[in-house]
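One structure below.
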2 protein chains.
Amino acid sequence: METPAPGLMLDRETKASERPGDHKDELRLWLRMLTCSTLIETEIRNRLREEFKTTLPRFDLMAQLDKSSTGMTVGEVSQRLMVSNGNVTAVVAGLLADGLVDKRAATQDRRVQVLTLTAAGRKAFKAMAERHESWIAELFAGLDQPEIAQLFRLLGQTKTSLHRAIAARANEAAQGDVR
Amino acid sequence: METPAPGLMLDRETKASERPGDHKDELRLWLRMLTCSTLIETEIRNRLREEFKTTLPRFDLMAQLDKSSTGMTVGEVSQRLMVSNGNVTAVVAGLLADGLVDKRAATQDRRVQVLTLTAAGRKAFKAMAERHESWIAELFAGLDQPEIAQLFRLLGQTKTSLHRAIAARANEAAQGDVR
DNA sequence: GAAAATTATTTTAGGCCTGAAATAATTTTG
DNA sequence: CAAAATTATTTCAGGCCTAAAATAATTTTC
């Protein structure tokens, strides 16, 4: 793998593999992805506050419970939402106070707290979810169906790449602990 | 635009345009993008904490200041980072306490606070930025160069779409205020 | 079967973040 | 030029979020 002198390098030869240590493309990609996510999140937060006087963490938590008919434990919810257990406990406290969620210890294993939406919670979520879906569609209106499919596919590959890299790092750390 | 009876609909005819009110594809796209962003953010936060005992908001703020030789105002930083002014004030307070950032009122307009990295701040940032870039490259290692370029392009279109939809909404609200 | 280890959740201390109100400085306007 | 409006920043109250420690219940192990 040779690195030609800068002056002689043709544009189409300027590949990452030929510029050891340079990863500006990946960095720009990440910053652009972060911009998109932040724009969407901020807009959805604003609309949830304006139209429903609620917050995104509450909406996200209710969305998880809505998908499960039998209820979910605190741990399951925290895994799905990729937040800490303590955070779930805190957000649930607010939803309990508003009567939107029910929490009860499981009968077999009393360590486990099972969370379910109340009737009021299901009703409130249904109304929000419908609006939420249309907001998202509005935000992505500038992409046609093939572009959406292609972006979805590339983000799928990204997700796989991330899981692999993160797991590799975790393994290294675990090895380090033993030595 | 007709909607065929469900039983007769061929798979390749199941387009969003033929299912009025259905925007599940956009929703799935958004959730996948959010998963990717969250995975990257969480991993970068962990590594910044472990290797540099610092946080992502501090790193991001220092990155903005590092790009500007003449310094930036609180308002400029808050716009670039897409966070509130008050948040910049608070994060800067920590960086000031650590001697990484300098803050002084502009001579002409004493409302304006100009922020710059100190020598120690520039040095600390340089070390972190180098590691940060390689972490990002590691995380995206599963994508080849054309995939990165294509994803970058599609996210560019997404960004445009988002700006347009958000501006449209803001205009509606402004119209509503006048009436 | 009791001590030890594991598992699920909550609590705690502390940082991030926001919108709205307050403060302070500048610019505009009558 | 002084009052009013605007602009930049800070303060404040409150919610989100985390890691680490504490608590509580269950399972494993000897």
Side-chain angles (χ1 to χ4, degrees), chain A residues 34 37-39 41-50 52-62 71-98 100-101 103-115 170 173, chain B residues 34 37-39 41-50 52-62 71-98 100-101 103-115 170 173:
Chain A
L34 182 59
S37 291
T38 303
L39 284 172
E41 260 201 56
T42 302
E43 189 65 13
I44 297 300
R45 276 178 206 278
N46 288 342
R47 295 186 185 192
L48 281 174
R49 191 182 55 253
E50 286 164 17
F52 296 104
K53 304 206 182 314
T54 192
T55 65
L56 188 52
R58 286 184 194 207
F59 176 79
D60 287 342
L61 202 150
M62 291 176 78
M72 293 174 78
T73 70
V74 170
E76 285 168 350
V77 171
S78 91
Q79 258 197 311
R80 295 293 301 213
L81 296 181
M82 296 192 278
V83 299
S84 68
N85 281 348
N87 184 32
V88 172
T89 299
V91 175
V92 163
L95 294 170
L96 283 170
D98 292 350
L100 299 169
V101 159
K103 173 168 109 172
R104 57 187 58 185
T107 44
Q108 342 80 299
D109 185 342
R110 295 206 317 289
R111 287 172 303 184
V112 172
Q113 298 290 329
V114 177
L115 306 171
Chain B
L34 183 59
S37 291
T38 304
L39 284 171
E41 260 202 56
T42 302
E43 189 65 14
I44 298 300
R45 276 177 207 277
N46 288 342
R47 294 185 186 192
L48 281 173
R49 190 181 58 252
E50 286 164 18
F52 296 104
K53 303 205 184 313
T54 191
T55 66
L56 188 51
R58 287 184 194 208
F59 176 79
D60 286 343
L61 204 151
M62 292 176 78
M72 293 174 79
T73 69
V74 170
E76 285 168 351
V77 171
S78 90
Q79 258 197 310
R80 295 292 303 215
L81 296 180
M82 296 192 277
V83 300
S84 68
N85 281 348
N87 184 31
V88 172
T89 298
V91 175
V92 163
L95 293 169
L96 282 171
D98 292 351
L100 300 169
V101 159
K103 174 169 109 171
R104 57 188 58 186
T107 44
Q108 344 78 302
D109 185 341
R110 297 207 313 288
R111 287 172 303 185
V112 172
Q113 298 290 328
V114 178
L115 307 171

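Chain A is the first sequence line, chain B the second, and so forth, proteins listed ahead of strands; every chain is numbered from 1.
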Please tell me which of A:T55 and B:V88 maps to the more 5' nucleotide of DNA chain D, matching each residue to the nucleotide holding its nearest heavy atom.
B:V88

Residue mapping more 5' on DNA chain D - nearest nucleotide basis, B:N46 or A:Q108
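Nearest nucleotide further toward 5': that of B:N46.
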
Looking at side-chain heavy atoms only, is the closest gap between A:V77 and A:T73 below 4.5 Å?
no

Does a side-chain heavy-atom distance below 4.5 Å link B:L56 with B:E41?
yes

Using only heavy-atom distances, decide whether a donor-acceptor pair under 3.5 angstrom links the side-chain of B:R111 to the base of D:dT9.
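Counting by modelled atom types and ignoring angles, no donor-acceptor contact under 3.5 Å is found here.
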
Does B:V83 or A:V112 map to a spot on DNA chain C nearer the 5' end, using the closest nucleotide for each?
A:V112

d([atom1], [X]; [atom2], [N]) in whole Å:
X: A:K53; N: C:dA20; atom1: NZ; atom2: P; result: 11 Å
X: A:L48; N: D:dG15; atom1: CG; atom2: P; result: 16 Å
X: A:E50; N: C:dT18; atom1: CD; atom2: C1'; result: 13 Å
X: B:D98; N: C:dG15; atom1: CG; atom2: P; result: 11 Å
X: A:L61; N: D:dG15; atom1: CG; atom2: P; result: 16 Å
X: A:N87; N: C:dT11; atom1: CG; atom2: P; result: 14 Å
X: A:R58; N: D:dG15; atom1: CZ; atom2: P; result: 7 Å
X: A:Q79; N: D:dT18; atom1: CD; atom2: P; result: 13 Å

Considering every strand and a 4.0 Å limit on heavy-atom distances, what is the contact class for [X]: base, sugar-phosphate, or nothing?
X: B:N85; answer: base
X: B:G75; answer: sugar-phosphate
X: B:R45; answer: nothing

Let's see if you can work this out: which of [options] has an atom nearest to the side-chain heavy atoms of [X]?
X: A:Q113; options: D:dC17, D:dT10, C:dT10; value: C:dT10
X: A:R49; options: C:dT10, D:dC17, C:dG19; value: C:dG19
X: B:R110; options: C:dA25, C:dT9, D:dT10; value: C:dA25
X: B:T89; options: D:dC17, C:dT26, D:dT11; value: D:dT11

Any A:K103 side-chain nitrogen or oxygen under 4.0 Å from OP1 or OP2 of C:dA8
no

CD on B:Q79 to CG on B:N85, rounded to 0.5 Å:
9.0 Å

With a 4.0 Å cut-off, would you call B:E76 and B:R80 a salt bridge?
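No, B:E76 and B:R80 are not salt-bridged.
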
With side-chain contact (heavy atoms from CB on, under 4.5 Å) as the criterion, how do A:T55 and A:R49 come out once you've worked through the C-alpha distance, each side chain's angles and the decisive distance to 0.1 Å?
CA-CA 6 Å; A:T55 65; A:R49 191 182 55 253; over 6 Å; no

